[in-house]
Amino acid sequence: MRQTSYLRLLKGALAVASLLITSLAAQAGTLTFSANGKNTVSGNNNPLSAAVIFDYDGSSVLKVTLQNTASGGAYVPSDVLTDLFWTDSGKATYTPVSAALGSGSTLTNAPATYDLGKEWQYLSGISGYKNANMGIGSSGLGIFGDGNFSANGNHTDGMNYGIINGLNANANPAAQSGTFANNTMVFTLKVGTGFSLDSISNVWFQYGTSTSEPAFQGSASSPSNVPEPGAITMLASVGTSGLFFGVRRRTKRSRN
């Protein structure tokens, strides 16, 4: 009878811990998409690849890390990663906060002064682009307007401020003279109540300055519900507490 009570106690403690971890996992975590293909419009089938990480803090901050991962460097403007699109099936609001180079990234042919937040726009309510309803772009494509990660943004137009992974030695003059984020951009957005990484799908990477240029749909390569380290600690704590309490009860009874 005592052993049965102990097992019930331990199962109850573990069940509570499991519920707590499920709650945390549904809040914070990361979701990664990647894609690759060929630039069939350039005439030389340059290899293209990209990745994006949606990183949610579980409260109100979403960081979108967009990376050009193509090897060999950009040859032509249509090798430049300029726009990201996705579908969010939820109703949470997004507010752009900042746009910056990723760690270790540089800006090629950088002007004396610049503000990357003025060169990229976050936009919701998109229609007509591969069923996506949200996006971040540096090239207008007839979709984006003015940059809004900083006040008084510039018009999003052309290839400049898009993302490359180096310039090829044989890049054409237009690519050689462009101003690009070399490797990674990080966009910070504030998200409203009810946001969930699970609502994100249908991710597309767009290159160049026209929707007729290369675009690839991303494949998810990591789960959206990644428990925070504290969740694991909590599970261990609750489970150990239940075990200790049960052993203590059994010890006290055996002494009586």
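These numbers come from a predicted model, not from an experiment.
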- Query: Side chains of Asn45 and Thr40: does their closest heavy-atom pair fall under 4.5 Å?
  - Reply: yes
- If every non-hydrogen atom of Asp55 is compared with every non-hydrogen atom of Gly29, which pair is closest and at what distance? OD1-O, 3.5 Å
- Query: Taking the side chain as C-beta and beyond, is there a heavy-atom pair between Leu84 and Phe205 under 4.5 Å?
  - Reply: yes
- Message: Side chains of Asn44 and Ser42: any donor to acceptor distance under 3.5 Å?
- Response: yes
- Write down the atom of Ala50, the atom of Leu81, and the distance for their closest heavy-atom approach. CB-CD2, 3.8 Å
- Message: Quick one, Thr87 with Asn133, criterion side chain to side chain donor-acceptor pair (under 3.5 Å). Give me CA distance, side-chain angles, the key distance, then yes/no.
- Response: CA-CA 5 Å; Thr87 298; Asn133 60 9; 4.7 Å; no
- Find out if a path of hydrophobic residues (ILVMFWY) with successive side-chain heavy-atom gaps under 4.5 Å connects Ile126 to Ile136. no
- Any side-chain heavy-atom pair from Gln206 and Tyr129 closer than 4.5 angstrom? yes
- Among all residues two or more places apart in sequence or in another chain, which pass the side-chain contact (heavy atoms from CB on, under 4.5 Å) test with Val80? Thr82, Ile164, Phe180
- Given Leu189 and Val64, is the side chain to side chain contact (heavy atoms under 4.5 Å, CB included) satisfied, shown in steps? CA-CA 8 Å; Leu189 301 109; Val64 180; 3.7 Å; yes
- Evaluation steps, side chain to side chain contact (heavy atoms under 4.5 Å, CB included), between Trp86 and Asn202: CA-CA 5 Å; Trp86 71 94; Asn202 189 37; over 6 Å; no
- Query: Which residue pairs pass the side-chain hydrogen bond (donor to acceptor under 3.5 Å, both in side chains) test with at least one member in residues 172-187, sequence neighbours excluded?
  - Reply: Gln67-Asn183, Asn165-Asn183
- Message: How close do Asn168 and Gly72 get, counting heavy atoms only, and between which atoms?
- Response: ND2-O, 2.8 Å
- With Ala100 via side-chain contact (heavy atoms from CB on, under 4.5 Å) - residues at least two apart: none
- CG/Asn152 to CG/Asp146 distance, rounded to the nearest 0.5 angstrom? 9.5 Å
- Message: Let me confirm one number: the OG1-CG distance from Thr30 to Leu62, rounded to the nearest 0.5 Å.
- Response: 11.0 Å
- Any Val186 side-chain heavy atom under 4.5 Å of Leu101 side chain: no
- Task: Determine, stepwise, if the pair Val203 / Phe85 fulfils side chain to side chain contact (heavy atoms under 4.5 Å, CB included).
- Result: CA-CA 6 Å; Val203 171; Phe85 294 90; over 6 Å; no
- Message: Closer than 3.5 angstrom, by distance alone: can the side chain of Ser49 be matched with the main-chain N or O of Ala35 as a donor-acceptor pair?
- Response: no
- Query: Is the Tyr161-Trp120 ring centre distance short of 6.0 angstrom?
  - Reply: no
- Nearest heavy-atom approach of Ala215 to Lys130 is CB-CE, 4.0 Å
- Query: In Å, rounded to the nearest 0.5 Å, how long is the span from OH of Tyr207 to CD1 of Ile163?
  - Reply: 9.5 Å
- Lys63 atom NZ: more than 12 heavy-atom contacts under 6.0 Å: no
- Hey, mind stepping through Phe149 and Phe187 against ring pair (Phe, Tyr, Trp, His ring centres under 6.0 Å) and telling me if it holds? CA-CA 8 Å; Phe149 284 89; Phe187 305 96; 5.4 Å; yes
- Write down the atom of Met159, the atom of Pro77, and the distance for their closest heavy-atom approach. SD-CB, 3.4 Å
- Is it the case that one hydrophobic cluster holds both Phe54 and Val97, taking links as side-chain heavy atoms less than 4.5 Å apart, direct or via other members? no
- Note on the structure: Those residues at least two apart in sequence (or on a different chain) that pass side-chain contact (heavy atoms from CB on, under 4.5 Å) with Ala92 are Phe195
- Query: Do Ile53 and Phe33 sit in the same hydrophobic cluster, where Ile, Leu, Val, Met, Phe, Trp and Tyr count as joined when their side-chain heavy atoms come under 4.5 Å apart?
  - Reply: no
- Message: Walk me through whether Val61 and Tyr56 qualify under side chain to side chain contact (heavy atoms under 4.5 Å, CB included).
- Response: CA-CA 6 Å; Val61 177; Tyr56 179 48; 6.0 Å; no
- Message: Closer than 3.5 angstrom, by distance alone: can the side chain of Asn148 be matched with the main-chain N or O of Tyr122 as a donor-acceptor pair?
- Response: yes
- Query: Is there side-chain contact between Asp83 and Leu141, with at least one heavy-atom pair below 4.5 Å?
  - Reply: yes
- Donor-acceptor pair, side chain of Glu119 and main chain of Leu116, under 3.5 angstrom: no
- Query: Should Pro214 and Val41 count as side-chain neighbours, where that means a heavy-atom distance under 4.5 Å?
  - Reply: yes
- Mind listing the closest non-hydrogen atom pair of Ala171 and Leu167 along with its distance? CB-CD2, 4.4 Å
- Item | Point-to-point distance, once rounded to the nearest 0.5 Å, from CD1 of Ile143 to OG1 of Thr211 | 6.5 Å
- Message: For the CG atom on Asn131, are there more than 12 heavy atoms of other groups (residues, nucleotides or ligands in this structure) within a distance under 6.0 Å?
- Response: no
- Message: I need the His155 NE2 to Lys118 NZ distance, nearest 0.5 Å.
- Response: 16.0 Å
- Partner set under side-chain hydrogen bond (donor to acceptor under 3.5 Å, both in side chains) for Asp88, not counting sequence neighbours: Tyr94, Ser199
- Separation between CZ (Phe144) and OG (Ser138), nearest 0.5 Å, reads 8.5 Å
- Residues joined to Val76 in its hydrophobic cluster, side chain to side chain under 4.5 Å directly or through other members, sorted by chain and number, are Tyr75
